[in-house]
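Inspection log for the structure reproduced underneath, given as structure tokens.
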Amino acid sequence: GGHTRPVHSVCWSPDGTRLASASGDATIRIWDPDLGAETLVLNDHRLHVRGISWSPDGKRLASTSHDQTIKIWNLTDYSYEEVTQPNRIYYVEWSPDGSQLVSTNILGVVKFWDPDTLMLTGQFKAHDGGSSNGDWHPDSKRILTSGADGKLKVWNVGNHKTSYVE
């Protein structure tokens, strides 16, 4: 097994027993690092899978793709819910408290989602050009973003104001 195109994202499960990888081959693969073996392939994206993130409880996995979707995979029955967006989505991550998902896109917009309903709960323009990456603060109240404009920004999730720009 294994990916047949470049790997764009990797992450450990919250309990450290599994790895997930996302690739240009339009697949997500789950691995058992102790066995060095692939245990599952999720292949319902149509184009490059760019970002992946485990839910804090490890029961779900969020993914983004050049097919302009965010998918939330249930890792118990391998079903998924999805939302389609008008632009390529680069990044997705669950908040540490599990209450929100954040995504970034090619236009530099940061969007917040309810992970249970995939309803949009907020959005704002973060960067000129695309927003390529992000990371939640452990308190789930702030997020760090980076963009094509060469800037790093820390945002207050409640009011979408920056507290730090580099």
Side-chain angles (χ1 to χ4, degrees), residues 8-11 13-14 20-24 26-28 30 42-166:
H8 297 299
S9 184
V10 294
C11 58
S13 63
S21 57
S23 171
T27 68
I28 299 162
I30 308 298
L42 302 171
N43 59 7
D44 286 343
H45 278 293
R46 295 178 304 283
L47 297 171
H48 301 278
V49 183
R50 295 294 303 186
I52 49 176
S53 177
W54 293 91
S55 62
D57 65 9
K59 295 179 181 175
R60 296 184 287 172
L61 189 75
S63 62
T64 61
S65 169
H66 281 190
D67 65 12
Q68 301 175 195
T69 63
I70 296 172
K71 290 184 182 347
I72 305 294
W73 303 85
N74 177 326
L75 297 177
T76 303
D77 65 8
Y78 313 115
S79 63
Y80 63 86
E81 300 293 327
E82 77 175 7
V83 62
T84 301
Q85 290 294 286
N87 305 104
R88 284 189 176 171
I89 307 158
Y90 288 143
Y91 161 82
V92 66
E93 188 178 10
W94 236 283
S95 61
D97 66 8
S99 68
Q100 299 182 77
L101 284 171
V102 67
S103 67
T104 64
N105 71 23
I106 195 169
L107 299 178
V109 176
V110 172
K111 295 184 178 185
F112 296 92
W113 307 89
D114 179 318
D116 296 321
T117 64
L118 277 178
M119 295 294 295
L120 185 66
T121 60
Q123 65 180 338
F124 61 91
K125 175 80 170 173
H127 294 275
D128 295 325
S131 296
S132 58
N133 212 339
D135 193 36
W136 282 96
H137 187 276
D139 67 11
S140 295
K141 295 177 183 174
R142 292 176 283 170
I143 188 160
L144 170 67
T145 61
S146 64
D149 57 9
K151 298 198 182 300
L152 303 175
K153 297 181 181 182
V154 175
W155 300 90
N156 177 308
V157 173
N159 64 16
H160 304 162
K161 301 283 186 200
T162 57
S163 60
Y164 173 82
V165 177
E166 174 60 42

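- Judged by distance alone, with hydrogens and angles left aside, the side-chain atoms of Thr121 form a donor-acceptor pair with the main-chain N or O of Phe112 at under 3.5 Å.
- The backbone N or O of His48 lies less than 3.5 Å from a partner atom in the side chain of Ser65, making a donor-acceptor pair.
- Not a single donor-acceptor pair under 3.5 Å links the side chain of Ser95 to the backbone N or O of Ser140.
- Between Asn156 atom CG and Arg142 atom CZ the span is 8.5 Å, to the nearest 0.5 Å.
- The side-chain heavy atoms of Ile72 and Trp113, taken from C-beta on, include no pair separated by under 4.5 Å.
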Subject >> Leu75 vs Leu42, side-chain contact (heavy atoms from CB on, under 4.5 Å): CA-CA, chis, key distance, verdict >> reply: CA-CA 10 Å; Leu75 297 177; Leu42 302 171; 4.2 Å; yes

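- Distance check, rounded to the nearest 0.5 Å: OG of Ser55 to CG of Leu61 gives 8.0 Å.
- In the displayed structure, Lys141 atom NZ is contacted under 6.0 Å by at most 12 heavy atoms of other residues, nucleotides or ligands.
- The shortest heavy-atom contact between Pro115 and Ser99 is CD-O, 3.2 Å.
- Interatomic distance, Leu107 CG to His127 NE2, rounded to the nearest 0.5 Å: 13.0 Å.
- The main-chain N or O of Val102 is never found under 3.5 Å from a side-chain atom of Glu93 such that the two would form a donor-acceptor pair.
- The CG atom of Asp116 sits 9.0 Å away from the CG atom of Leu101 when rounded to the nearest 0.5 Å.
- Counting heavy atoms from C-beta outward, Val109 and Asn87 have side chains that stay 4.5 Å or more apart.
- Here the side chain of Ser9 pairs no donor or acceptor atom with the backbone of Ala22 at under 3.5 angstrom.
- Rounded to the nearest 0.5 angstrom, Trp54 CH2 and Arg60 CZ are separated by 13.0 Å.
- Taking every heavy atom of both residues into account, Pro56 and Pro96 meet most closely at CG-O, 3.5 Å.
- When atom types are taken as modelled, the side chain of Asp128 and the backbone of Asp149 share no donor-acceptor pair closer than 3.5 angstrom.
- Ile89 and Ser103 get closest at one heavy-atom pair: CG2-CB, 3.9 Å.
- Between the OG1 atom of Thr84 and the CG atom of Asp67 there is a distance of 7.5 Å, given to the nearest 0.5 Å.
- No side-chain heavy atom of Arg88 sits under 4.5 Å from any side-chain heavy atom of Arg50.
- A donor-acceptor pair under 3.5 Å is absent between the side-chain atoms of Asn133 and the main chain of Ser146, judged by distance alone.
- The backbone N or O of Ala126 lies less than 3.5 Å from no partner atom in the side chain of Lys151, so there is not a single donor-acceptor pair.
- Looking at every heavy atom in both residues, Asp44 comes nearest to Lys71 through O-CE, 3.4 Å.
- Heavy-atom minimum distance, Thr76 versus Asn74: N-OD1, 2.7 Å.
- In this structure, Gln100 and Val157 have side chains that are in contact, with non-hydrogen atoms separated by less than 4.5 Å.
- Below 30°, between 30° and 60°, or above 60°: for Trp73 and His45 the angle between ring planes is above 60°, a perpendicular geometry.
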**OP:** Verify side-chain contact (heavy atoms from CB on, under 4.5 Å) between His8 and Val49, making sure each step is shown before the conclusion.
**Re:** CA-CA 7 Å; His8 297 299; Val49 183; over 6 Å; no

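- Screening residues 85-111 for ring pair (Phe, Tyr, Trp, His ring centres under 6.0 Å), with sequence neighbours left out, gives no hits.
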